Amino acid sequence: TETPQYADLAVTKVTSNVQPNVGDTFTYTVTLQNLGTATATNVEVAELFPNNIAIVSITPTNTHTTTRFNQQTPTSGVWSIPTIDSGDSEVLVIVAQATNASVAFNTVEITHSDVWDPDNTNNRAETPTDPQSADLFMRKTVDTPRPEVGSNVTFTLTLENLGPTDAQNVVVTDQLP
């Protein structure tokens with residue numbers, strides 16, 4: 001009996017921060033593994049970026065072979081892996097910046113391999129990206145707008161978050177006149 005050679009390719013994707021603040025930089029890590037018995041050749045992995053991020057950089061780690069990423073549009077590209085041996089993995093690191101507050105999914109999918117893949121259930125991965133944005137409103141009032149010289153004046157600072165998400169690590173500084 002002859003056992004067919006195959007490349008069970010699997011792709012996973014994780015993000016360093018699922019809920020970054022708008023303007024924050026974060027990282028997606030895409031891992032391609034060959035769980036099969038044969039070397040996979042001419043593998044292509046399609047990357048579909050969500051519309052709530054901007055790409056800062058894309059770097060293949062080239063652990064076992066030289067790979068390349070061809071960003072075809074601001075929202076998509078193809079990661080090309082010439083060969084990936086049985087038991088090996090390759091990693092693509094994508095640095096992105098959150099651009100607006102909305103939930104979207106970053107999807108990656110193996111779209112081609114010259115070697116048969118018997119399990120297509122692990123050929124697609126996605127991770128949510130949900131940038132957060134707070135809308136802070138600061139109000140300053142004074143109890144006596146025209147005080148007498150030498151009298152006390154009370155200033156009241158009111159900070160309001162108009163949303164849509166919680167603000168974190170907020171620091172308010174006020175300089176007195």
Side-chain angles (χ1 to χ4, degrees), residues 6-36 39-115 117-136 159 161-171:
Y6 64 92
D8 179 10
L9 298 174
V11 66
T12 58
K13 173 177 260 185
V14 295
T15 181
S16 64
N17 187 352
V18 175
Q19 293 186 313
N21 290 320
V22 170
D24 284 356
T25 301
F26 61 97
T27 303
Y28 293 112
T29 303
V30 180
T31 303
L32 175 69
Q33 295 176 288
N34 183 350
L35 306 173
T39 298
T41 56
N42 297 318
V43 178
E44 290 186 351
V45 179
E47 175 70 59
L48 301 174
F49 302 118
N51 61 2
N52 59 358
I53 67 167
I55 300 303
V56 175
S57 67
I58 301 172
T59 309
T61 59
N62 299 327
T63 307
H64 301 283
T65 187
T66 301
T67 68
R68 65 181 165 77
F69 188 84
N70 178 20
Q71 188 166 350
Q72 298 168 336
T73 71
T75 59
S76 70
V78 176
W79 181 26
S80 300
I81 302 93
T83 61
I84 182 166
D85 291 334
S86 175
D88 282 352
S89 62
E90 293 291 340
V91 175
L92 184 70
V93 177
I94 302 161
V95 178
Q97 182 179 41
T99 58
N100 62 61
S102 63
V103 178
F105 287 85
N106 187 326
T107 304
V108 64
E109 183 172 9
I110 300 167
T111 57
H112 181 81
S113 172
D114 287 346
V115 179
D117 185 343
D119 181 7
N120 291 328
T121 62
N122 55 6
N123 288 7
R124 185 175 192 274
E126 66 181 17
T127 184
T129 304
D130 184 14
Q132 304 296 292
S133 177
D135 183 7
L136 300 178
L159 179 64
N161 182 358
L162 302 175
T165 58
D166 293 343
Q168 299 178 15
N169 303 318
V170 175
V171 175

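Predicted, not measured: the structure shown is a model, and the values here were computed from it.
With sequence neighbours left out, Asp88 forms a side chain to side chain donor-acceptor pair (under 3.5 Å) with no residue at all. Take Tyr28 and apply the ring-ring contact (aromatic ring centres under 6.0 Å, His included) test, not counting sequence neighbours, and it matches Phe26. Scored by the salt bridge (Lys or Arg N to Asp or Glu O under 4.0 Å) test, Glu44 finds no partners at all (sequence neighbours excluded). Every residue was checked against the ring-ring contact (aromatic ring centres under 6.0 Å, His included) condition with Tyr6, not counting sequence neighbours, and none meets it. Evaluation of the side chain to side chain donor-acceptor pair (under 3.5 Å) rule for Asp85 yields Thr39 as partners, not counting sequence neighbours. Residues passing the side chain to side chain donor-acceptor pair (under 3.5 Å) test with Asp117 are Asn123, sequence neighbours excluded. Qualifying side chain to side chain contact (heavy atoms under 4.5 Å, CB included) partners for Gln19, counting only residues two or more places apart in sequence or in other chains: Asn17, Asp130, Gln132.
Interatomic distance, Arg124 CZ to Thr111 OG1, rounded to the nearest 0.5 Å: 12.5 Å. Thr27 contributes atom OG1, which lies 9.5 Å from atom CD1 of Ile94 (distance to the nearest 0.5 angstrom). In this structure, Leu9 CG and Asn122 CG are separated by 8.0 Å, a value rounded to the nearest 0.5 Å. Interatomic distance, Arg68 CZ to Leu92 CG, rounded to the nearest 0.5 Å: 12.5 Å.
Using a 4.5 Å heavy-atom threshold, the side chains of Val78 and Val45 count as separate. Asn106 has its side chain out of reach of Leu48: every pair of non-hydrogen atoms, C-beta onward, lies at least 4.5 Å apart. Side-chain contact between Thr61 and Thr59 is absent, with no heavy-atom pair separated by less than 4.5 Å. Put simply, the side chain of Val103 does not reach to within 4.5 Å of the side chain of Thr129, judged on heavy atoms. With contacts defined as side-chain heavy-atom distances shorter than 4.5 Å, the pair Thr127/Val14 does not qualify.
Residue pairs meeting the salt bridge (charged side-chain N to carboxylate O under 4.0 Å, His left out) criterion with at least one partner in residues 6-16, sequence neighbours excluded, are Lys13-Glu47. Residue pairs that meet the side-chain hydrogen bond (donor to acceptor under 3.5 Å, both in side chains) test with at least one member in residues 95-104, sequence neighbours left out, are Asn100-Ser102. Residue pairs meeting the salt bridge (charged side-chain N to carboxylate O under 4.0 Å, His left out) criterion with at least one partner in residues 91-105, sequence neighbours excluded, do not occur; the list is empty. Judged as a ring pair (Phe, Tyr, Trp, His ring centres under 6.0 Å), not a single pair has a partner in residues 70-98 (not counting sequence neighbours).
Not one N or O on the side chain of Thr41 forms a donor-acceptor pair closer than 3.5 Å with the backbone of Thr83. No side-chain donor-acceptor contact under 3.5 Å links Asp135 to the backbone of Asn161.
Across all their heavy atoms, Val22 and Ala101 have their closest contact at CG2-N, 3.8 Å. The shortest non-hydrogen separation linking Pro128 to Val18 is O-CG1, 3.6 Å. When every heavy atom of Ser113 is checked against every heavy atom of Ala40, the shortest pair comes out as OG-CB, 3.8 Å. The two residues Asn21 and Ala98 have their closest heavy-atom pair at O-CB, 3.6 Å.
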Could you go through Val170 and Leu159, starting from their C-alpha distance and side-chain angles, then the distance that decides it, and tell me whether this counts as side chain to side chain contact (heavy atoms under 4.5 Å, CB included)?
CA-CA 10 Å; Val170 175; Leu159 179 64; 3.6 Å; yes

Determine all donor-acceptor pairs shorter than 3.5 Å in which one atom belongs to a side chain in residues 29-36; sequence neighbours excluded.
| from | atom 1 | to | atom 2 | distance (Å) |
| --- | --- | --- | --- | --- |
| Asn34 | OD1 | Gly36 | N | 2.9 |
| Asn34 | ND2 | Ala38 | O | 2.8 |
| Asn34 | ND2 | Ile84 | O | 2.9 |

